[in-house]
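A quick write-up on the structure given underneath.
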Amino acid sequence: MSEVQSADSADASAARTAGEGDERRKEADSNEDADGTPRAEDGARERSLESDGITRRPTVVASTVALAAVALALVIVASASLTGGGVVLAGGLALAWGLIGPVPGSRRWLVDAGSLATFAGVVVSGLEGALVEPTLVATVCTVVAWDLAGSAIDLGDQLGREADTRRLEGVHAVSSVLVGLATMAIGYGTFVSAADGQPVAAVALLLLAGTLATIALGIRRSWRG
């Protein structure tokens, strides 16, 4: 009887060992491509982005306002300069792709490059003699779009698109617009008191306004962080 029990135990142990070996082989096969190349990096990347069930994409409200600001800048610039409008259109498309495209590793770069191109288009319109007031508004729209697009990316990465961040985004959007308006008032006051109506003076005003707005929004972002 004891010999029979020993044989049964040995058979059960062998079966368990064989089963564990099969599971290991299946697991190894699932981690390799068809050509035997490991897929560890892809799996780790997917787990890091989706295992917590959070959609880490730019939030909706800030993205929408940023795109609306770029669209307004495009309308203003294109109405005065076709060349400037073309440059703003290219920059706006890059910014939009950074917010809504499937490019998680390049969103920040696309937003920064698109905002810079948009501002370059505004400067081109200033050099071609566009009116100062609407061009200054386009400058502020560009900087506000850059700030809100960056905020949408940050909130999406930290909290996810599913989180209810509408109030936070609304407050951020209003404060960005207020900072832009204050900067526009300072820049326009400088232009009225010192400019001679030449395009170069208008471009200097745009650069001043853009710089001041960027610095002000950057300081606010550092305080918030």
Side-chain angles (χ1 to χ4, degrees), residues 58-101 107-155 169-192 195 199 201-221:
T59 52
V60 176
V61 175
S63 296
T64 302
V65 178
L67 294 175
V70 170
L72 179 57
L74 174 60
V75 171
I76 293 173
V77 173
S79 64
S81 169
L82 291 179
T83 303
V87 177
V88 172
L89 177 60
L93 290 176
L95 185 146
W97 188 244
L99 290 175
I100 65 179
R107 295 192 190 281
R108 180 71 64 179
W109 182 88
L110 285 169
V111 165
D112 291 344
S115 300
L116 184 60
T118 302
F119 183 67
V122 176
V123 172
V124 169
S125 70
L127 286 172
E128 293 186 355
L131 293 176
V132 171
E133 292 83 357
T135 309
L136 186 57
V137 173
T139 300
V140 173
C141 287
T142 301
V143 179
V144 169
W146 167 76
D147 180 60
L148 291 178
S151 175
I153 294 173
D154 291 340
L155 286 174
E169 293 176 88
V171 171
H172 187 99
V174 171
S175 62
S176 294
V177 171
L178 291 177
V179 170
L181 290 175
T183 303
M184 185 175 66
I186 294 172
Y188 187 70
T190 303
F191 176 79
V192 169
V203 170
L205 166 65
L206 298 178
L207 294 174
L208 173 63
T211 301
L212 289 176
T214 303
I215 292 174
L217 292 173
I219 291 174
R220 188 197 59 178
R221 185 177 294 180

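The first residue in the sequence is number 1, and the count goes up from there. These numbers were taken from a predicted model, which means no experiment stands behind them.
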Could I get the full list of side-chain contact (heavy atoms from CB on, under 4.5 Å) partners for L82, not counting sequence neighbours? none

Taking side-chain contact (heavy atoms from CB on, under 4.5 Å) as the test, write out the residues that go with V70, two or more places apart. L95, A145

Testing the basics here: between V87 and A117, what is the closest heavy-atom pair and its distance to 0.1 Å? CG1-O, 3.2 Å

N/O donor-acceptor pair under 3.5 Å between S151 side chain and D147 backbone: no

Does the distance from a Lys or Arg side-chain N to an Asp or Glu carboxylate O, for D154 and R107, drop under 4.0 Å? no

For V122 and T135, what are the C-alpha separation, side-chain angles and deciding distance, and is it a side chain to side chain contact (heavy atoms under 4.5 Å, CB included)? CA-CA 7 Å; V122 176; T135 309; 3.6 Å; yes

Of all heavy-atom pairs between L181 and V140, which one has the smallest distance, and what is that distance? N-CG1, 4.3 Å

Shortest non-hydrogen separation from S176 to L148 and the atoms involved: OG-CD2, 3.8 Å

Can you tell me which residue pairs pass the side-chain hydrogen bond (donor to acceptor under 3.5 Å, both in side chains) test with a partner in residues 70-98, sequence neighbours excluded? S81-E128

Atom of A149, atom of V111 and distance for their closest heavy-atom approach: CB-CG1, 3.6 Å

Contacts table for residues 61-69: side-chain donor-acceptor under 3.5 angstrom, sequence neighbours left out:
unit_1 : atom_1 : unit_2 : atom_2 : d
S63    : OG     : T59    : O      : 2.6
T64    : OG1    : V60    : O      : 2.8

Least distance between heavy atoms, L110 atom then A94 atom: CB-O, 3.7 Å

Partner residues of L131 under the side-chain contact (heavy atoms from CB on, under 4.5 Å) criterion, sequence neighbours left out: E133, P134

side-chain contact (heavy atoms from CB on, under 4.5 Å) partners of A73, counting only residues at least two apart: A138, C141, T142

Can you see which heavy atom on L89 is nearest to which on L74, and at what distance? N-CD1, 3.8 Å

